[in-house]
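One structure is given here, and the rest of the page talks about it.
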Amino acid sequence: TRPVWNFGDASPHRPLWAAIDDRLVFAETGAEGEGLWATSENEEETVFLAPLTTTSLVSAGTVAYVGATDAENRPEIWRTDGTVEGTTRVKALATGVQTGRVLGLSVAYGRLYFSVYMTGARASLWTSDGTEAGTRLLREIGLVPPSPTLSVTAAVDGRLFFMGQDGNQTSQLWVSD
């Protein structure tokens, strides 16, 4: 047992990581700034993948999906295989001056499901097959700020069950087919 990476005093200590094959992908602030990193065993094998402000991260077999924001705080979906070359943006989810964030990444039925919250708008449920063309809005959900988080809880017989909170902090169980 030994340390692999020193997060330092400036670390936000966010537990955002995902396992991909023999690598661990994680979001952290290091010498290169805030971003996405990967490691396999020791600090010498730890590499900076991309300068992202990561809001969520989930493993999907040989890749991980990343919910992130760009420099203007616009939400995006990224995908990585744990290498610099294999880390790419799947899709920018906002246009113009819209800001927001991606939350609640989950994988079910071979697809990625996630929620997007645009500032001043309702939360929406999205899906992706890992390509820009295959990333689309499923439905805007009638949940409003301050806590418009959706997160897929279970996949049962072709249906997705997910939790959400309305503006009154009331938790609700939703289902989508």
Side-chain angles (χ1 to χ4, degrees), residues 1-70 74-93 100-117 123-136 138 149-164 176:
T1 304
R2 66 188 183 290
V4 173
W5 179 256
N6 182 1
F7 290 105
D9 293 337
S11 171
H13 299 289
R14 313 174 273 174
L16 292 176
W17 54 71
I20 305 172
D21 292 329
D22 66 341
R23 302 187 66 72
L24 179 71
V25 175
F26 61 97
E28 189 51 69
T29 302
E32 288 81 354
E34 185 173 14
L36 193 64
W37 298 75
T39 190
S40 60
E41 189 171 331
N42 56 51
E43 194 162 344
E44 291 78 36
E45 295 178 21
T46 302
V47 294
F48 185 70
L49 300 176
L52 300 174
T53 300
T54 305
T55 57
S56 51
L57 185 61
V58 68
S59 177
T62 60
V63 299
Y65 290 103
V66 182
T69 57
D70 66 10
R74 293 178 298 220
E76 302 177 331
I77 289 292
W78 285 66
R79 156 187 186 126
T80 184
D81 64 2
T83 67
V84 173
E85 305 79 29
T87 302
T88 58
R89 184 175 70 185
V90 173
K91 185 171 182 127
L93 302 169
R101 61 186 176 206
V102 176
L103 299 168
L105 295 176
S106 298
V107 177
Y109 305 116
R111 294 189 64 84
L112 174 68
Y113 295 89
F114 56 95
S115 62
V116 175
Y117 166 66
S124 53
L125 183 63
W126 288 68
T127 187
S128 179
D129 64 359
T131 67
E132 182 174 15
T135 303
R136 62 185 172 85
L138 284 177
T149 303
L150 307 173
S151 88
V152 174
T153 305
V156 179
D157 196 28
R159 296 169 294 164
L160 297 174
F161 288 87
F162 56 95
M163 294 297 294
S176 178

Practice task
Determine, stepwise, if the pair Thr39 / Trp17 fulfils side-chain contact (heavy atoms from CB on, under 4.5 Å).
Solution key: CA-CA 11 Å; Thr39 190; Trp17 54 71; over 6 Å; no
Please report the closest heavy-atom contact between [X] and [Y], naming both atoms and the distance.
| X | Y | result |
| --- | --- | --- |
| Tyr65 | Ala60 | CE1-CB, 3.7 Å |
| Leu160 | Ala108 | CD2-CB, 3.8 Å |
| Leu57 | Val25 | CD2-O, 3.7 Å |
| Ala64 | Ala18 | CB-CB, 4.1 Å |
| Thr55 | Ala68 | OG1-N, 3.8 Å |
| Ala19 | Ser59 | O-OG, 2.6 Å |

With a 4.5 Å cut-off on side-chain heavy atoms, are [Y] and [X] touching?
| X | Y | value |
| --- | --- | --- |
| Trp37 | Thr54 | no |
| Val102 | Trp126 | no |
| Leu93 | Arg74 | no |
| Leu16 | Val66 | no |

Problem - Donor-acceptor pair, side chain of Ser115 and main chain of Leu103, under 3.5 angstrom - result: yes
Practice task
Using modelled atom types only, decide if a donor and an acceptor are shared between the side chain of Tyr109 and the backbone of Gly158 within a distance under 3.5 Å.
Solution key: yes
In Å, rounded to the nearest 0.5 Å, how long is the span from [atom1] of [X] to [atom2] of [Y]?
| X | Y | atom1 | atom2 | result |
| --- | --- | --- | --- | --- |
| Lys91 | Arg136 | NZ | CZ | 11.0 Å |
| Leu125 | Leu138 | CG | CG | 5.0 Å |
| Thr53 | Leu36 | OG1 | CG | 11.0 Å |
| Leu105 | Tyr113 | CG | OH | 13.5 Å |

Fill in the blank from the handout: Residues passing the side-chain contact (heavy atoms from CB on, under 4.5 Å) test with Thr88, sequence neighbours excluded, are none
Please list, chain by chain and in numerical order, all residues satisfying side chain to side chain donor-acceptor pair (under 3.5 Å) with [X], sequence neighbours excluded.
| X | result |
| --- | --- |
| Ser128 | Thr135 |
| Arg89 | Glu76 |
| Arg23 | none |
| Asp21 | none |

Handout entry: Option passing side chain to side chain contact (heavy atoms under 4.5 Å, CB included) with Trp78 (candidates Val90, Leu49, Thr87)
Key = Thr87
Practice task
Report the residues that fulfil salt bridge (charged side-chain N to carboxylate O under 4.0 Å, His left out) with Asp129, sequence neighbours left out, ordered by chain and then residue number.
Solution key: none
